[in-house]
Amino acid sequence: MEYGKERVVALVDMDCFYVQVEQRLNPALRNTSCVVAQYKTWKGGGIIAVSYEARAHGVTRNMWVADAKKLCPDLQVARVRESHGKADLTHYRDASVEVIEVMSRFAVIERASIDEAYMDLTSAVQQRLKNMSEEQINPGLLKTTYIQGYPQTELDPSSSENSVLDKEELRSKGLQQWLESLPTPSSAEQNCAELQLTMGALIVEEMRAAVEKQTGFRCSAGISHNKVLAKLACGLNKPNRQTVLPLESVTELFSSLPIGKIRNLGGKMGASIMETLKVENMGDLTRFSQPELVQHFGEKTG
DNA sequence: AGCCCGTGTGGA
DNA sequence: TCCACACGG
């Protein structure tokens, strides 16, 4: 197997998880602009989770409720339970366990936080490929899947029709183009990395559907070859969607990706990289060798 | 008045 | 091995 393509790794991230937990409990909050906030006294409390409807009004995490209401006057506010003057998150932890239990039926889960989990799907994928007949994968089984970098827009002056496609049309067109480029899942082709990612996406589609059916909670996911890329992919099409990030699409994605967008590089570490190496984008980093990076930033980080 | 918490890293 | 700090949520 080619270097960097050995594993299939997924990251599943619950969409505005605390909000969903409160919405399940109180149906009046569903499909509305709402937030979860803690500590009522100062400016109405601090916001720790925001529904996507409220985000459309510019409401963000870490905002005061009083400020958020200026942006979104009909904002609904759910409150974090307080025990003895302390915010009590056990409610959300219990909901998290519900989700993890469902996901564990599909793969070994590595819990990364209360609302996200990584999983190595390599062996599950190989199992599924073995048992598959030689037909092309049905796009209908990947209804919420985006393939990053697809459709590849060939510069065709005769058809400027791409500009009128909405997001869903683009998604399905890209998926279709991707599936056509794959070998049929037969015999010798089972170690094709792109085919493996696609099978990973199929498993994650099933997992996410099971999570929603069992718990009522929706999530997004990224499928790629390692944890950093899976995390990055997950953020590309939220909420309630999943994204495959093939290695071939990484170069273009990185070319304009600010370093701070990569997990663990959002703070001082990322700033020091940009400062030390005089770079802005992830693409610029490929100019440096691994020993150079290790020298600057330490064994693990480099 | 940004808190609180889990996790990971690297230096002492 | 422990501790301080950084990061994300």
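Predicted model, so just to flag it, every value in this text is computed and none were measured. Proteins come first, then strands; the chains are lettered A, B, ... in the order of their sequence lines, and each starts at number 1.
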Handout entry: Closest nucleotide among C:dA6, B:dC3, C:dG8 to the A:Lys268 side chain
Key = C:dA6
Practice task
Would you please confirm or rule out a distance under 4.0 Å between OP1 or OP2 of C:dG9 and any side-chain N or O of A:Lys231?
Solution key: yes
Handout entry: Residue A:Trp64, side-chain heavy atoms: nucleotide from C:dC7, B:dA1, C:dG9 that is nearest
Key = B:dA1
Handout entry: For atom OH of A:Tyr39 and atom P of B:dC4, their distance in whole Å
Key = 5 Å
Practice task
Would you indicate what A:Gly46 reaches in the nucleic acid, counting non-hydrogen atoms under 4.0 angstrom: base, sugar-phosphate, or nothing?
Solution key: nothing
Problem - Integer angstrom distance from the C1' of C:dC7 to that of B:dC3 - result: 15 Å
Exercise for the section: Measure up the A:Tyr92 and A:Tyr18 rings against each other and bin them: parallel (under 30°), tilted (30 to 60°), perpendicular (over 60°). Expected result: parallel
Problem - Span that lies between the C1' atom of B:dG2 and that of C:dG8, in whole angstrom - result: 15 Å
Handout entry: Whether A:Thr215 side chain and A:Phe217 backbone form a donor-acceptor pair below 3.5 Å
Key = yes
Problem - Protein-nucleotide distance (A:Asn62, atom CG; C:dG8, atom P), rounded to Å - result: 12 Å
Exercise for the section: Using whole Å, report how far NZ of A:Lys43 lies from P of B:dC3. Expected result: 13 Å
Problem - Integer-rounded Å distance: C:dC7 P and A:Arg61 CZ - result: 16 Å
Practice task
Figure out the CG/C1' separation between A:Leu265 and B:dG8, and round it to whole Å.
Solution key: 13 Å
Fill in the blank from the handout: From CD1 of A:Ile114 across to P of B:dG6 the rounded distance in Å is 10 Å
Practice task
Would you kindly give the CD-to-P distance between A:Gln38 and B:dG2, to the nearest whole Å?
Solution key: 14 Å
Completion exercise
A:Arg263 CZ to C:dG9 C1', in whole Å, measures 9 Å
Practice task
Remember a base hit wins even if backbone is also touched, and classify A:Phe17 as base, sugar-phosphate or nothing at under 4.0 Å, heavy atoms.
Solution key: nothing
